[in-house]
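To keep things clear, I will list the structure first and then write my remarks on it.
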Amino acid sequence: MLESVEVYKFGGASVRDAEGIRNVGRIVQRHGSKQLAIVVSAIGKTTNALEKVVAAYAKTEVDQAQSLLAELKDQHYTLTRELLGETSAAYAKLNDAFVEVEWLLEEPYDNAYDYAYDQIVSIGELLSSIVVHAYLRTLGIEASWIDARGVVRTDDLYREAWVDWETTQQQADDKLRPVLQGGGVVVTQGFIGATADNETTTLGREGSDYSAAILSYCLDAQRMSIWKDVPGVLTADPRYFDNVTKLDHLSYREAIEMTYYGAKVIHPKTIKPLQNKAIPLMVKSFVDPEGSGTRVD
Ligand code: ADP
Ligand code: ASP
Ligand code: MG
């Protein structure tokens, strides 16, 4: 029986360095009970860096693309060394993800920009999930790494793919529920999915919140929490305004309106699937996990 599945989403800021990932470990340990699905975004600004790889490839500047990719490889290996030491199973998995892109860059560019974009940019989330998963295992957490591309089925509208809900539900039932029912923790990727032909797709920039909502819906989660660098949803973006205050509570409708008018704290597509199943959304601070955050219900 799935009694109390929770879904946690950690964005790029929360996993941007070794200390960030250790903090994720503390938040997961604090959760204590089992049946937790964890959705992670790419580390820090990795997605922006991968977009530069795509741009270089599309300009047929292959050397430039390779060297940008090598920089990312370096960053991910350095982080892994800091967290996990020299001998972790994570290195081989990270390498496999990089090799896929290195091969693609050796193919001549065929003008299918959006397709190439998704094949390249999607590795950001694969990489971060590999590192987070390996780190949680070192804490003794029985986490399973699940490839979101085997769960989230989409059409082939690359860079802005639409979800095939029926197949996604089926795949979530087949691949996620058994692990969660066994009392396990699942680590998977935000932002990415795959077509019926197994081609990788992405759901649009900042789409990891939406991924977490898709899984929350399919798993009938009791609650979904997104862990941010802010105490919750604020009256305005603190990057541009002073004197902002935290909102303790929002209705689904208010949250949809806020994201629609551009509040960049929650991806606009996130709320609807949650509302359809009356799943509460918590927006919480990864700096202050005990803080009350914002509840959307
Ligand atoms: P993630 O790490 O999950 O990708 P984001 O960077 O996308 O997180 O979202 C958090 C950021 O959203 C905050 O740092 C803040 O600058 C911005 N933001 C914009 N509008 C708001 C708002 N109304 N309330 C809180 N944060 C906001
Ligand atoms: N990594 C992706 C992005 O930066 C998805 C996300 O973070 O939500 O857009
Ligand atoms: Mg984001």
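Remember, it's 1-based here, ligands and their atoms both numbered in the order they're listed. The residues of the chain are indexed from 1 along the displayed sequence.
Below the 2.8 Å limit, the Mg ion (ligand 3) has as protein N, O or S neighbours Glu206 OE1.
Every atom of ligand 1 is numbered from 1 in the order shown, and the set under 4.0 Å from a heavy atom of Asp229 is 10 (C), 11 (C), 13 (C), 14 (O). Proximity to Glu206 (heavy-atom distance under 4.0 Å) selects the following atoms of ligand 1: 4 (O), 7 (O). Contact atoms of ligand 1 toward Ala13: 2 (O) (distance under 4.0 Å to a heavy atom of the residue). For ligand 1, the atoms sitting less than 4.0 Å from at least one non-hydrogen atom of Arg239 are 16 (O), 17 (C), numbered in the order shown with element in parentheses. Residue contact check: Gly12 has heavy atoms under 4.0 Å from atoms 2 (O) of ligand 1.
Among all protein heavy atoms, the one lying closest to atom 8 (O) of ligand 1 is Lys228 NZ, 3.3 Å. Among all protein heavy atoms, the one lying closest to atom 12 (O) of ligand 1 is Lys264 O, 3.7 Å. Closest to atom 27 (C) of ligand 1, if we only count protein heavy atoms, is Val265 CB, 3.5 Å.
Under a 4.0 Å N-O distance rule, the pair Asp209/Lys9 qualifies as a salt bridge. A salt bridge is defined here as a Lys NZ or Arg NE, NH1 or NH2 lying under 4.0 Å from an Asp or Glu carboxylate O, and Glu206 with Lys264 fails to meet this definition. With respect to Glu51 and Arg205, a salt bridge is recorded, a charged nitrogen being found less than 4.0 Å from a carboxylate O. A salt bridge does not link Glu199 to Arg149: none of the charged nitrogens lies less than 4.0 Å from a carboxylate oxygen. Between Arg153 and Glu166, no side-chain nitrogen of the basic residue sits less than 4.0 Å from a carboxylate oxygen of the acidic one, so the salt-bridge criterion is not met.
In this structure, atom 24 (N) of ligand 1 is in close contact with the protein, since a protein heavy atom lies within 4.0 Å of it.
A search for ring pair (Phe, Tyr, Trp, His ring centres under 6.0 Å) contacts involving Phe286 returns nothing, not counting sequence neighbours.
When non-hydrogen atoms are compared, ligand 1 lies under 4.0 Å from the backbone of Asp237 as well as from its side chain. Residue-level proximity to ligand 1 for Leu234 is carried by backbone and side chain together, each with a heavy atom below 4.0 angstrom.
Stacking of Lys269 on the aromatic ring of Trp162 is recorded, both the 6.0 Å distance cut-off and the 45° axial limit being met.
Applying the side chain to side chain contact (heavy atoms under 4.5 Å, CB included) test between Val15 and each of Val131, Asn23, Val24 identifies Val24 as the sole match.
Among residue pairs with one or both ends in residues 239-274, none qualify as ring-ring contact (aromatic ring centres under 6.0 Å, His included); sequence neighbours excluded.
With hydrogens and angles ignored, the 3.5 Å screen pairs a side-chain donor or acceptor of Thr78 with a backbone N or O of Asp74.
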Could you pull out the N/O contacts under 3.5 angstrom between ligand 2 and the surrounding protein atoms?
unit_1	atom_1	unit_2	atom_2	d
ligand 2	1 (N)	Thr47	OG1	2.7
ligand 2	1 (N)	Glu125	OE2	2.6
ligand 2	4 (O)	Thr47	OG1	3.3
ligand 2	4 (O)	Arg205	NH2	3.0
ligand 2	7 (O)	Ser41	OG	3.3
ligand 2	8 (O)	Glu206	O	3.4
ligand 2	8 (O)	Gly207	N	3.3
ligand 2	8 (O)	Ser208	N	3.0
ligand 2	8 (O)	Ser208	OG	3.1
ligand 2	9 (O)	Arg205	NE	2.6
ligand 2	9 (O)	Arg205	NH2	3.4
ligand 2	9 (O)	Glu206	N	2.7

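Under the 4.0 angstrom criterion for non-hydrogen atoms, Gly232 is in contact with ligand 1.
Between Trp227 and Phe10, the ring planes lie parallel to each other; the angle is under 30°, not in the 30° to 60° tilted range. Between Tyr113 and Tyr109, the two ring planes are perpendicular [angle over 60°; tilted spans 30° to 60°].
We find the CD-CD1 distance between Glu82 and Ile21 to be 9.5 Å, quoted to the nearest 0.5 Å. Remark: Ser225 OG to Arg295 CZ distance equals 10.0 Å, nearest 0.5 Å. Between atom OG1 of residue Thr138 and atom CZ of residue Arg22 there is a gap of 9.5 Å, rounded to the nearest 0.5 Å.
Aromatic ring centres of Tyr77 and Tyr91 lie closer together than 6.0 Å.
Checking only distances, Lys9 does come within under 3.5 Å of ligand 1, N or O to N or O.
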